[in-house]
Amino acid sequence: MSDTVRTVDVLVVGGGPAGSATAITATRAGRSVLLVDKATFPRDKCCGDGLTTLALRLGEQLGLDPTPIGGWQPVEDAVIHSPSGRSVRFPLPRGDGRYAVVVPRREYDAALLSLARTAGTEVTEGQAVTGIDVDDAGATVTVDEMSRIRAATVVAADGMWSPVRRILGLSTDDDRGQWHAFRQYVSNVGLAAADLHVWFEADLLPGYAWSFPLPGGRANVGFGILRGGPVAVGATGRIWDELMDRPAIRSVLGDHALPEDRRTAWPIPAKVDRAVLDHGPVLFVGDAAAATDALTGEGIGQALLTGILAGEAVLA
Ligand SMILES: Cc1cc2nc3c(=O)[nH]c(=O)nc-3n(C[C@H](O)[C@H](O)[C@H](O)COP(=O)(O)OP(=O)(O)OC[C@H]3O[C@@H](n4cnc5c(N)ncnc54)[C@H](O)[C@@H]3O)c2cc1C
């Protein structure tokens with residue numbers, strides 16, 4: 001362990017949407033900010049890749065320019081399929097800004113992190129936070145069990161399993177996620193998959209399946225179930241094996257749709273009302289604050305919002 005201790009105003013742990021939004025906000029206000037992520041960007045995140053109106057408006061507020069972002073797919077219509085098989089098309093407002101976009105997280109998160117760098121945030125990739133000691137004046141954080149950083153405020157934007165929360169001994173059994181969701185990229189999809197589709201399949205309720213459009217005849221396809229609901233988490237692999245062949249879903253994806261690469265699954269935390277949001281000089285944001293929408297499981301907009309709020313809080 002090095003004896004040298006660096007000092008910054010704010011240390012952000014995690015470079016997803018929550019961490020980047022925190023860093024951009026605090027850096028622009030004149031704070032010295034170091035953001036550390038264990039991954040090297042661009043990196044994937046198991047996600048539906050759907051940007052809702054909240055995420056789009058907050059992205060604009062942060063100054064995110066979508067023009068150079070690869071895979072940025074605006075959505076024109078959303079089609080909702082009921083358990084009885086009825087389908088309803090909802091055209092999104094035209095000519096008045098965007099209301100829904102799909103973009104691979106690999107591209108989106110890298111663009112946000114790049115925006116943080118441009119704002120002046122120092123970013124360290126490929127190094128994990130492995131320790132944290134808090135005291136009355138701030139926190140001392142250990143990175144890769146080697147270097148130490150002293151910060152007046154630490155913002156834990158380290159995702160669903162939040163190592164910072166775990167190291168501080170604040171994790172509970174309730175931190176395994178309220179939803180559990182699968183995702184796979186699919187290529188060669190049919191023309192109907194150019195719209196955003198949500199299927200409320202009877203056996204998955206209150207969960208749902210989705211197909212979110214991407215450029216080049218691709219789609220992000222997946223489904224989520226409520227943990228503790230009628231579908232056991234252990235049964236989701238079997239459901240995934242036959243989901244794409246359900247007639248309602250196959251008719252949209254088309255007969256020639258090809259699953260790419262491997263499928264991924266990840267929990268979604270949705271209990272911000274009873275999550276630990278702060279601990280001395282440590283603030284929790286995004287999935288680390290279980291801030292996703294309890295009804296839909298969407299969390300990118302909520303990650304941006306809680307990140308911006310944390311960035312503003314360190315200025316107070
Ligand atoms: C299958 C699925 C589908 C979803 N679909 C959607 C959707 O369509 N739309 C939507 O809005 N939301 C969706 N969500 C939710 C969304 O993915 C999350 O809410 C969002 O990623 C939260 O962002 P975040 O910045 O808090 O965390 P993350 O994006 O998880 O980022 C956390 C970062 O912390 C880093 N990290 C972790 N540990 C350490 C450490 N020890 N040291 C340093 N860095 C560390 C990680 O490398 C990572 O980069 C979905 C989730 C799932 C599982």
Side-chain angles (χ1 to χ4, degrees), residues 11-23 34-56 58-59 75 100-106 108-110 112-113 123-132 141-145 149 154-167 177-185 196 198 207-212 214 220-225 236 240 263-270 272 275 284-293 296-307 310:
L11 177 73
V12 180
V13 187
S20 287
T22 307
L34 172 64
L35 183 153
V36 178
D37 199 298
K38 68 178 183 181
T40 303
F41 288 71
R43 64 102 178 87
D44 187 25
K45 156 76 177 78
C46 174
C47 187
D49 299 337
L51 301 185
T52 55
T53 309
L54 175 67
L56 289 167
L58 292 176
V75 175
V101 162
V102 184
V103 58
R105 291 290 299 276
R106 198 181 147 78
Y108 179 72
D109 288 19
L112 271 174
L113 191 60
V123 177
T124 299
E125 300 178 47
Q127 293 189 23
V129 164
T130 50
I132 177 165
V141 172
T142 309
V143 177
D144 268 354
E145 292 175 8
I149 296 139
V154 173
V155 177
D158 48 352
M160 156 73 209
W161 296 110
S162 183
V164 169
R165 183 180 62 220
R166 183 174 39 76
I167 294 165
Q178 283 57 51
W179 293 88
H180 194 79
F182 265 81
R183 173 220 76 182
Q184 188 152 30
Y185 289 113
L196 181 152
V198 172
Y208 59 90
W210 71 79
S211 171
F212 291 171
L214 286 166
N220 178 318
V221 181
F223 79 103
I225 53 120
T236 51
W240 183 245
R263 63 199 194 187
T264 55
W266 200 247
I268 303 180
V272 70
F284 293 87
V285 294
D287 275 13
T292 70
D293 185 289
T296 64
E298 72 202 52
I300 300 170
Q302 290 76 358
L304 294 174
L305 179 60
T306 52

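Read the numbers this way: they start at 1 and go in the same order the structure lists the ligands and their atoms. Numbers for residues simply follow the sequence, beginning at 1. Everything quoted here is computed from the prediction, not taken from an experiment. What you see below is based on every heavy atom in this structure, not just the backbone, and it leaves out hydrogens, waters and symmetry mates.
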Numbered atoms and elements of ligand 1 in range of Val13, under 4.0 angstrom, heavy atoms: 42 (N), 43 (C)
Under 3.5 Å between some N or O of ligand 1 and some N or O of Asp287? yes
At less than 4.0 angstrom from any non-hydrogen atom of Gly159, what atoms of ligand 1 do you find? 27 (O), 30 (O), 32 (C)
The one among Arg166, Gln302, Arg105, Arg43 that brings a heavy atom closest to atom 20 (C) of ligand 1: Arg105
What is the nearest protein non-hydrogen atom to atom 38 (N) of ligand 1, stated with its residue, atom name and distance? Pro163 CG, 3.4 Å
Is there any N or O on Thr292 that sits under 3.5 Å from an N or O of ligand 1? no
If you count the atoms of ligand 1 from 1 in the order shown, which ones are under 4.0 Å from a heavy atom of Ile300? 9 (N), 10 (C), 11 (O), 12 (N)
Can you list the atoms of ligand 1 that are under 4.0 Å from a heavy atom of Cys46? 1 (C), 2 (C), 51 (C), 52 (C), 53 (C)
Using the six-membered ring wherever Trp is involved, compare the ring planes of Phe182 and Phe223 and label them parallel, tilted or perpendicular (cut-offs 30° and 60°). parallel
In this structure, does ligand 1 have an atom that sits under 4.0 Å from one of the heavy atoms of Trp179? no
Would you say Glu298 has any N or O atom under 3.5 Å from an N or O of ligand 1, going by distance alone? no
Would one find an N or O of Ala288, backbone or side chain, under 3.5 Å from an N or O of ligand 1? no
For Phe212, take its heavy atoms, then give the atoms of ligand 1 lying under 4.0 Å from any of them. 8 (O)
Ligand 1 atoms nearer than 4.0 angstrom to some heavy atom of Ala157 are 32 (C), 33 (C), 34 (O)
Atom 37 (C) of ligand 1: closest protein heavy atom, distance to 0.1 Å, is Asp158 O, 3.4 Å
Is Cys47 close to ligand 1, meaning an N/O of one under 3.5 Å from an N/O of the other? no
For atom 12 (N) of ligand 1, which candidate among Gly299, Gly307, Ala18, Gly131 provides the closest heavy atom? Gly299
Please work out, at 4.0 Å between heavy atoms, whether the side chain, the backbone, both, or neither of Asp37 comes within that distance of ligand 1. both
Taking 4.0 angstrom as the limit and counting only heavy atoms of Val36, give me the atoms of ligand 1 inside it, by number and element. 43 (C), 44 (N)
Ligand 1 contact by Gly222, heavy-atom criterion under 4.0 angstrom: no
Could you list which atoms of ligand 1 come closer than 4.0 Å to a heavy atom of Val129? 40 (C), 41 (N), 42 (N), 43 (C)
Going by heavy atoms, is Thr52 under 4.0 Å from ligand 1? no
Just let me know how Lys38 lines up against ligand 1, side chain, backbone, both or neither, with a heavy-atom cut-off below 4.0 Å. both
side-chain contact (heavy atoms from CB on, under 4.5 Å) assessment of Leu11 paired with Leu34: CA-CA 5 Å; Leu11 177 73; Leu34 172 64; 3.7 Å; yes
If you measure from atom 23 (O) of ligand 1 to every heavy atom of Ala39, Ala303, Gly286, which option wins on shortest distance? Ala303
Which protein heavy atom lies closest to atom 30 (O) of ligand 1, and at what distance to 0.1 Å? Lys45 CE, 3.5 Å
Test of understanding: with side-chain hydrogen bond (donor to acceptor under 3.5 Å, both in side chains), list the residues that count as partners of Gln178, not counting sequence neighbours. none
Heavy-atom proximity to atom 8 (O) of ligand 1 ranks first, among Gly50, Ala290, Ala181, for Gly50
